[in-house]
There are 2 protein chains.
Amino acid sequence: MSQPQFKNWQAIQAEVLRRIHAREWVPGQTIPGEVDLAREFGCARATVNRAMQALADAGILERRRKAGTRVALHPVSKATVDIPVIRQEIEDRGATYSYRLINRKTGVHPLLGANALHVTALHQADDTPFVFEDRWINLTVAPDAATQAFEAISANEWLITHAPYTKGDITFSAAIATKGLAERLDATEGAPVFVIDRTTWDRDRAITIVRLSYAPGYQIHTMIGGTI
Amino acid sequence: MSQPQFKNWQAIQAEVLRRIHAREWVPGQTIPGEVDLAREFGCARATVNRAMQALADAGILERRRKAGTRVALHPVSKATVDIPVIRQEIEDRGATYSYRLINRKTGVHPLLGANALHVTALHQADDTPFVFEDRWINLTVAPDAATQAFEAISANEWLITHAPYTKGDITFSAAIATKGLAERLDATEGAPVFVIDRTTWDRDRAITIVRLSYAPGYQIHTMIGGTI
DNA sequence: TAGTGGTCTAGACCACCTG
DNA sequence: AGGTGGTCTAGACCACTAG
């Protein structure tokens, strides 16, 4: 038995990936079970399981009890996008962060109801407009927000420490700068604007709904398969 | 000992999340070690480890040997975006997919070198332009592409099964439809266009570089914390 | 209903890092 | 230098589901 030994799950993961890329295992094909692989690799089944679960999380493999493990037919690539706090996003670029509250008043929101707070603000990088924030906060869920001026600290930042969420919806889209938005962002009317709409929830109650309109030139960068 | 028992890692994960949301453990705070938690939860340390690793992957916790585990100070939310094959993306919307090759010729690309293939094509949903694909393929890495007409099958689809990649860079941005692009997409000049630039690699060799320009109205939707 | 992955356990050793 | 997380093991039982 001169079988090479694979003693940790990362090595097993790499070997499985190698076989897929070398077409020893092709998409759609069922690969050997964990017991067989453990024997072949000379390790415990739990170690194989660890490696295979990581690959299944990444979308490379599809696993089902009884049916076994198959190489994914449509490798729906999963890209992980980091959604940082705006302050940090600006400071990570080596720029100086500044914040300016534009408006703050209570009102009625179609989804959040009557007890809602509407806050608009501008985040700047080196005193240049970076992103315009248009936010509604549910005061029923986050009553403390009613006592916050949001002049020194942005709602973006305040909410993180005062109203943790359990889940959120995010939508990325492209839009055109309207006249009003163009003035806020110091851009020309009709310029392309990257827009992020986000709703965050505490269980089933919506905490806040925000639209972030980024100044022209903004990009979101991410990687795929980088960690595997 | 009337301690509630947490017998599986999901239950432990839920309990940890509960304590964070209930502010029993606040951001920045070091939480008890795995041995202590295992004793408290009445389970094995490996089970606690499983739960904590999942939370660390999600960005909720920060773990370091010797230093211990802390609640993340800046919960850099990680949103997972699925990047499906265009055909599937259209069919998932209940629309009929169709594809039309626009141009195909070899040429020189500044990054891929002289042995490159340039392919432009249009993907349609119910015969309406959906996304314009502008792609370069490295023929040194994927020589089989030279014999492919890309008339019946799109390069987007062909590459998946014929040139698996190990990693990729992705950039999302917003742009304005130029005159030429507007004609391709059956849109008006100056309309907002969502753009995805992607470069995929096989180890250190770039396989393909593609720009996908989506017809106005396109959105990418994703969730955050949905799986936790 | 039988086979496969999902998970737990108790113990062990190791790698890393902070103090 | 010592404490913490990272990982492996051998064995066991359970949950799901294809045939």
Side-chain angles (χ1 to χ4, degrees), chain A residues 1 3-17 19-20 25 27-73 75 227-228, chain B residues 1 3-17 19-20 25 27-73 75 78 226-228:
Chain A
M1 293 290 278
Q3 285 284 27
Q5 298 286 307
F6 296 91
K7 281 300 182 184
N8 53 20
W9 69 267
Q10 290 98 334
I12 292 171
Q13 191 184 56
E15 171 64 10
V16 170
L17 282 174
R19 294 186 185 184
I20 292 174
W25 294 340
Q29 177 181 346
T30 299
I31 71 176
E34 295 189 349
V35 179
D36 292 337
L37 288 177
R39 186 167 40 230
E40 179 189 344
F41 291 150
C43 67
R45 181 168 81 94
T47 309
V48 174
N49 182 274
R50 179 84 161 85
M52 307 300 260
Q53 281 205 12
L55 288 170
D57 283 345
I60 311 282
L61 299 177
E62 290 173 355
R63 325 190 74 201
R64 257 179 317 188
R65 287 157 150 130
K66 169 75 176 175
T69 300
R70 302 191 317 161
V71 180
L73 213 43
T227 57
I228 302 181
Chain B
M1 291 287 279
Q3 284 286 24
Q5 297 287 306
F6 297 91
K7 281 300 184 183
N8 52 22
W9 68 268
Q10 289 98 335
I12 292 172
Q13 191 185 54
E15 170 64 10
V16 170
L17 282 174
R19 294 186 185 184
I20 292 173
W25 294 339
Q29 177 182 347
T30 299
I31 71 176
E34 296 189 349
V35 179
D36 292 337
L37 288 177
R39 186 167 42 233
E40 178 189 344
F41 291 150
C43 67
R45 180 168 81 93
T47 308
V48 174
N49 182 275
R50 179 82 161 85
M52 307 301 259
Q53 282 205 12
L55 289 170
D57 282 346
I60 310 284
L61 299 178
E62 290 173 353
R63 327 189 72 202
R64 257 179 310 182
R65 288 160 151 126
K66 167 73 180 180
T69 300
R70 303 191 316 161
V71 181
L73 213 44
K78 295 180 192 307
T227 58
I228 302 183

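Letters A, B, ... mirror the listed sequences (proteins, then strands); counts begin at 1. Because only heavy atoms are used, hydrogens play no part in the values below, and waters and symmetry mates are left out as well, while side chains stay in.
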When rounded to the nearest 0.5 angstrom, what is the spacing between [atom1] in [X] and [atom2] in [Y]?
X: A:Leu17; Y: A:Ile12; atom1: CG; atom2: CD1; value: 12.0 Å
X: B:Phe41; Y: B:Asn8; atom1: CZ; atom2: CG; value: 11.5 Å
X: B:Ile31; Y: B:Glu62; atom1: CD1; atom2: CD; value: 11.5 Å

Tell me every residue that passes side-chain hydrogen bond (donor to acceptor under 3.5 Å, both in side chains) with [X], counting only those two or more places apart in sequence or in another chain.
X: B:Arg19; answer: B:Glu15, B:Glu40
X: A:Thr69; answer: A:Arg63
X: A:Arg50; answer: B:Gln53

message = Counting the atoms with a prime plus P, OP1 and OP2 as sugar-phosphate, which does B:Gln10 contact under 4.0 Å by heavy atoms, base, sugar-phosphate, or nothing?
response = sugar-phosphate
query = Within the structure shown, what part of the strands sits under 4.0 Å from A:Arg50 by heavy-atom distance: base, sugar-phosphate, or nothing?
reply = sugar-phosphate
inquiry  = Rounded to whole Å, how long is the line connecting atom CD1 of B:Ile31 with atom C1' of D:dT4?
reply    = 12 Å
message = Could you tell me how far apart A:Asn8 (CG) and D:dG5 (P) are, to the nearest whole angstrom?
response = 21 Å
Collect all protein-nucleotide pairs involving nucleotides 16-19 of chain D in which both atoms are nitrogen or oxygen and the distance is under 3.5 Å.
none

Stems formed with participation of DNA chain D [Watson-Crick or G-U wobble, under 3.5 Å, three or more pairs] = C:1-18 with D:1-18
remark   = Outermost contacting nts on DNA chain C, any atom under 4.0 Å from chain A heavy atoms, listed 5' then 3', are C:dA2 to C:dT7
